[in-house]
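One structure is given below, encoded as structure tokens.
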Amino acid sequence: MVPVTGFLIAMSDAARKFVIGVLLFLAAGAFIGWLYDRPAAGLLVAALAALIWQVRQLLSFDRALRSGDFTDFTQGEGIWEQISSRFRHEHEKAARRKQSYRQLLREVRKSTNAMPDGAVILNAENEIIACNRAAKHLAGLKRKKDRGQRVDNLLRDPELTRLLSADDQIMSIEMASPVTDGDWLSCRVVPYGADQKLLLLRDVTERMRLSKMRRDFVANASHELRSPLTVISGYLDSLADDEEMPAGWKKPVEQMQAQARRMRHILGELLELSRLESAGKADTDEPVDVGRLFEEARNAFEGHAQTADLLVDVQSSAQINGIASEIETVVVNLLSNAVRFTPQDGRITLTWRSDADGGDLVVSDTGEGIDAEHLPRLTERFFRVDKGRSRDNGGTGLGLAIVKHILARYDAELFIRSEPGEGSEFRCHFPQERLVVAPPATLS
Ligand code: ADP
């Protein structure tokens, strides 16, 4: 009896009432049966009646659960009433939460649709999960129809394919708009979550137009200045050759000749930069022998009186798929810098090596080096650590900018390391796809 009492005490009021009610009902059934001399039959009838009533309650509760409408569950009382009211409460709470999530989702959708930039959510296979309204305007993506399609099948651009496989948060590419001729889009990829990414699209037509205007202006101005400069140089040369020229004019004329030469050099480099900027990727399969270029460059520089020791270290027979004159410009520009900034008792090394990752063309010196704060700006046009000195020793400040632009045409990168007082290393890294491995020499 004691465990039964303890069991009843541990129950809620409603549960206790329910158990006591059922027991009383069964006892009443048994009592009525006993009056008719059949207590077992009375108990059985009462138990069946209680079971039928509970099954009815259960079915009615199941209906209420499925419809979510607990007002239908009107017969509830006692424990059933309590269970149903708890469910009703939870159900209402869930409905309120769902409503607030829905509201939040509406707000998020409204704000992403108000964004001027396109945003496309992609899965690991670059298939579209969702996109905002701007993505539709900028790239012509259709929210429902294009869901599940690979974005690089819809926006066909080799640069975009490269960006998607690179997974580089800093990298961005520009591509022609697939919707409006002449418009440009800038694209970036931001990975998030387990394996999702966000492709961000921005209209950069205006920026591209301004940069083209700047390029055209520099190219046109350089081109226009060349003719008058040629005339001036011609007259200066004639003047310098004229034996009747007063002796006092000799020095100014020589200086004017030197400045005219310098201007011609700058104009030539500016035109070369403009050409490289609008040239795009180098599309050629001419194998360039780096070792031979190194030897030619060494021969050209070694004759100069103040040149440091020049070493050539060719460790690979791989060749670069490219345009020989452009790779030569890279070598000559890096080498002429090394020569100008390395004292005569120093050493300059030209190295070519390759591995599974690609090829490295390295020009290193034991010269004066460069302060770390200047390194990020070295490839900017006209940037020189010491303007006066660079000008005096024939620098234009355009050499490294040209190197960078040439390398970009080969998907190659320039890495600079330098220590003031110790020397510098300029490493041009060419990707494996740009290399041609020379066939082994055949014995005759
Ligand atoms: P410049 O025509 O002045 O050499 P560059 O673009 O080739 O222009 O180089 C930019 C600047 O970088 C140089 O003015 C110089 O200050 C620095 N620089 C380049 N190469 C070296 C080097 N090997 N050692 C030291 N400083 C260098």
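In what follows, every heavy atom counts, from backbone to side chain, and hydrogens, waters and symmetry copies are set aside. This structure is a prediction, so every number in the text was calculated from the model and none was measured. One-based numbering, in listed order, for ligands and for the atoms of each.
Salt bridge annotation for E254-K250: present, with a cationic side-chain nitrogen under 4.0 angstrom from a carboxylate oxygen. Between R150 and E127 there is no salt bridge, since no side-chain N of the basic residue sits under 4.0 Å from a carboxylate O of the acidic one. For the pair E380 and R377, the salt-bridge criterion is met [side-chain N within less than 4.0 Å of a carboxylate O]. Comment: R188 does not engage E174 in a salt bridge, judged by the lack of any side-chain N to carboxylate O separation of less than 4.0 angstrom. Remark: R353 engages D360 in a salt bridge, criterion side-chain N to carboxylate O under 4.0 Å.
Close N/O approach between T396 and ligand 1 is found [any backbone or side-chain N/O within under 3.5 Å]. The shortest N or O to N or O distance between R340 and ligand 1 is below 3.5 Å. Considering backbone and side-chain atoms together, D386 places no N or O closer than 3.5 Å to any N or O of ligand 1.
Closest protein heavy atom to atom 5 (P) of ligand 1: L400 N, 3.6 Å. Nearest protein heavy-atom neighbour of atom 7 (O) of ligand 1: N337 ND2, 2.8 Å. Summary of contacts: the protein heavy atom closest to atom 3 (O) of ligand 1 is S390 OG, 2.6 Å. Of the protein's heavy atoms, F383 O, 3.3 Å lies nearest to atom 10 (C) of ligand 1. Here the heavy atom of the protein found nearest to atom 26 (N) of ligand 1 is I370 CG1, 3.3 Å. Annotation: atom 23 (N) of ligand 1 to nearest protein heavy atom, D365 OD2, 2.9 Å. In this structure, atom 21 (C) of ligand 1 lies nearest to the protein heavy atom F341 CD1, 3.7 Å.
Atom CG of residue L239 and atom CE of residue M245 lie 5.5 Å apart, to the nearest 0.5 angstrom.
For T379, no heavy-atom contact with ligand 1 is shorter than 4.0 Å.
For the residue pair K197 and N123, no side-chain donor N or O sits within less than 3.5 Å of a side-chain acceptor on the partner. For the residue pair Q103 and R106, a side-chain donor N or O sits within less than 3.5 Å of a side-chain acceptor on the partner. Between the side chains of Q315 and D313, at least one donor N or O sits under 3.5 Å from an acceptor N or O.
The R384 neighbourhood of ligand 1 comprises atoms 3 (O), 14 (O), with distances under 4.0 Å to a heavy atom of that residue. Listed by number with element, the atoms of ligand 1 under 4.0 angstrom from any heavy atom of S424 are 24 (N). For ligand 1, the atoms closer than 4.0 angstrom to any heavy atom of V385 are 14 (O), 16 (O). Set against the non-hydrogen atoms of G395, the atoms of ligand 1 under 4.0 Å away are 1 (P), 2 (O), 3 (O).
Within the 4.0 Å heavy-atom shell around ligand 1 one finds G397. Taking 4.0 Å as the cut-off, L378 counts as a neighbour of ligand 1 on heavy-atom distance.
Each of R215, R207, M213, R209 was compared with S211 under the side chain to side chain contact (heavy atoms under 4.5 Å, CB included) criterion, and only R215 meets it.
Taking the six-membered ring for Trp and thresholds of 30 and 60 degrees, W352 and F430 have ring planes more than 60 degrees apart, a perpendicular arrangement.
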